[in-house]
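Only this structure's heavy atoms are used, side chains among them; waters, hydrogens and symmetry mates stay out. Naming: A, B, ... by sequence-line order, numbering from 1 per chain.
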Number of protein chains: 2
Amino acid sequence: MTDTARPPRRTEIRQHNETLILQAAEKVFAEAGFGGATMQLIADMAGLPKANLHYYFPTKEDLYRRVVQDIFEIWLHAADSMDQAPGPIEGIGAYIQAKMEISRRHPNGSKVWAFEVMHRAPVIQDYLETTLRAWTTGRVRLIERWIAEGQMAPVDPEHLLYMLWATTQHYADFGHQIETLNAGPLSDVDWQKATDSVKTMILRGIGAL
Amino acid sequence: MTDTARPPRRTEIRQHNETLILQAAEKVFAEAGFGGATMQLIADMAGLPKANLHYYFPTKEDLYRRVVQDIFEIWLHAADSMDQAPGPIEGIGAYIQAKMEISRRHPNGSKVWAFEVMHRAPVIQDYLETTLRAWTTGRVRLIERWIAEGQMAPVDPEHLLYMLWATTQHYADFGHQIETLNAGPLSDVDWQKATDSVKTMILRGIGAL
DNA sequence: CCACAGCCTGACCAACCGGTCAAGAAAATT
DNA sequence: AATTTTCTTGACCGGTTGGTCAGGCTGTGG
């Protein structure tokens with residue numbers, strides 16, 4: 001394989017280091033917020049000199065913006081499984097499943113999003129007003145259709161969406177609190193149990209079971 | 001009324017200024033996190049010189065700790081109505097009601113709590129391990145009793161509690177996101193609708209309706 | 001072999017931060 | 001009125017932060 005032996009091309013170096021920096025930044029921003037995070041700490045965690053960070057990301061805000069945007073992308077794709085579902089049991093069930101898995105694998109991303117929204121969304125306000133709003137109205141219509149078809153009880157679609165976001169993201173954002181009460185990190189079985197509990201309670205709560 | 005004419009006593013001055021500082025601090029900590037908040041900004045918002053803050057609260061951490069503790073107290077009292085209830089409809093319904101009202105009236109407090117927990121709870125870790133854990137096991141037993149009495153479906157009590165916390169606090173922590181999607185602040189009617197939606201979905205979700 | 005563009009980094013800087021302190025004003029106590 | 005205690009505040013300080021920059025390094029194309 002000449003591919004592995006060949007020294008990395010310039011763009012590959014760039015991509016590699018950007019990934020390194022973004023991973024470190026996500027963790028630091030999640031644990032300390034924008035104001036509490038320092039470029040030095042991110043640099044140390046990424047194993048690079050601080051000046052190198054500013055070569056790839058001119059300012060702290062640029063770096064932060066990229067982290068938030070990357071998370072937003074992941075979140076949007078989580079609803080793909082919801083769309084082609086015949087009814088709420090499959091659609092909302094799959095959405096809960098997808099969001100719980102994201103909470104488990106990208107807890108830091110979820111936290112950065114929470115930080116950003118609590119901060120009154122100075123960076124992604126336009127995303128909220130355009131992309132997220134469009135996404136929301138689309139799912140509201142989908143839920144209204146399911147209600148009209150008699151597949152679920154006539155709940156308020158928007159508050160159902162809030163409940164879905166709140167319950168699933170809670171396992172990421174408040175993971176430390178849950179782990180403390182659980183006396184340790186959640187195991188595979190614990191996560192399965194959590195997902196099943198959320199699915200059961202919500203699906204029964206909307207009269208789909 | 002001689003009470004209002006009389007100059008304030010020593011302790012009254014202290015209490016007045018502490019309240020002023022704590023209110024400002026709650027807001028600033030909620031919007032910027034611990035690291036992003038500055039004593040200068042809190043001082044300006046409280047209308048006091050910065051040095052005066054350090055007279056009442058020696059360090060930034062002391063001030064932050066007081067803010068978090070005050071919130072914790074409010075939260076604990078929210079469950080009082082849950083205890084003497086005959087069943088889940090009244091008990092959990094009243095708990096949702098109380099927590100939704102706290103989310104509306106103390107949104108900043110809820111946010112500071114969220115910040116603290118996401119920050120791995122460096123200040124209130126001992127509270128989590130002692131007071132909150134004891135509180136939780138108590139309510140778990142209560143829910144288990146209701147299940148044994150056939151008043152609700154056999155759900156996992158801990159995940160039910162997480163769902164209650166997540167859904168109610170979401171309206172405070174993610175209030176900005178909700179207001180953006182709602183194209184403005186929630187009215188009295190909106191809040192009533194939200195509370196009813198949460199109550200209905202959760203109570204039906206646990207098979208209590 | 002050279003030249004050039006992309007990459008790397010130690011040293012540095014102005015701005016800001018939490019916290020201190022001394023000196024005095026105001027209030028309560030005697 | 002004298003004294004003691006509490007409260008107030010401008011000025012100041014050491015340490016840290018985000019960001020800069022000149023100069024060196026490295027791999028690629030010609």
Spacing of B:His16 atom NE2 relative to C:dA27 atom P, expressed in whole Å: 13 Å

ring-ring contact (aromatic ring centres under 6.0 Å, His included) pairs, two or more places apart, involving residues 172-204 of chain B: B:His170-B:Phe174

Side-chain N,O (B:Tyr56) to OP1/OP2 (D:dT8) below 4.0 Å: yes

Protein-nucleotide distance (B:Leu41, atom CG; C:dC16, atom C1'), rounded to Å: 13 Å

Flag side-chain contact, heavy atom, 4.5 Å: A:Thr136 against B:Gln177: no

Which protein N or O atoms sit under 3.5 Å from an N or O of nucleotides 17-19 of chain D?
| from | atom 1 | to | atom 2 | distance (Å) |
| --- | --- | --- | --- | --- |
| D:dG18 | OP1 | A:Ala37 | O | 3.1 |
| D:dG18 | OP1 | A:Lys60 | NZ | 3.0 |
| D:dG18 | OP2 | A:Met39 | N | 3.0 |
| D:dG18 | N7 | A:Lys50 | NZ | 3.1 |
| D:dG19 | OP2 | A:Lys60 | N | 2.6 |
| D:dG19 | N7 | A:Lys50 | NZ | 3.1 |
| D:dG19 | O6 | A:Lys50 | NZ | 2.7 |

Nucleotides 21-25 of chain C: which of its N/O atoms have a protein N/O under 3.5 Å away?
none

Phosphate OP1/OP2 of C:dG6 contacted by A:Arg14 side-chain N/O (<4.0 Å): no

Side chain to side chain donor-acceptor pair (under 3.5 Å) assessment of B:Tyr64 paired with B:Glu116: CA-CA 10 Å; B:Tyr64 177 76; B:Glu116 169 65 7; 2.7 Å; yes

Length of the CD-P vector between A:Glu12 and D:dG27, whole Å: 13 Å

Flag, side chain of A:Asp196 to backbone of A:Lys193, donor-acceptor distance under 3.5 Å: no

Distance, rounded to the nearest Å, where B:Ile13 contributes CD1 and C:dA28 contributes P: 6 Å

Other residues, nucleotides, ligands: >12 heavy atoms within 6.0 Å of A:Phe72 CZ: yes

Pair B:Asp44 + B:Lys50: basic N to acidic O under 4.0 Å: no

Rounded distance (Å) that lies between atom P of D:dT20 and atom CZ of A:Phe57: 16 Å

Any A:Asn17 side-chain N or O less than 4.0 Å from OP1/OP2 of C:dC8: yes

A:Tyr55 side chain near C:dC7 phosphate (N/O to OP1/OP2, under 4.0 Å): yes

Gap between atoms CG and C1', on A:Leu48 and C:dG10 respectively (whole Å): 15 Å

Length of the OH-P vector between B:Tyr64 and C:dG18, whole Å: 14 Å

Option from A:Arg65, A:Arg66, A:Lys60 for which salt bridge (Lys or Arg N to Asp or Glu O under 4.0 Å) with A:Asp62 holds: A:Arg65

Check: B:Tyr171 ring centre within less than 6.0 Å of A:His159 ring centre: yes

Length of the CD1-C1' vector between B:Ile42 and C:dC17, whole Å: 12 Å

4.5 Å side-chain heavy-atom contact, B:Asn108 and B:Phe29: no

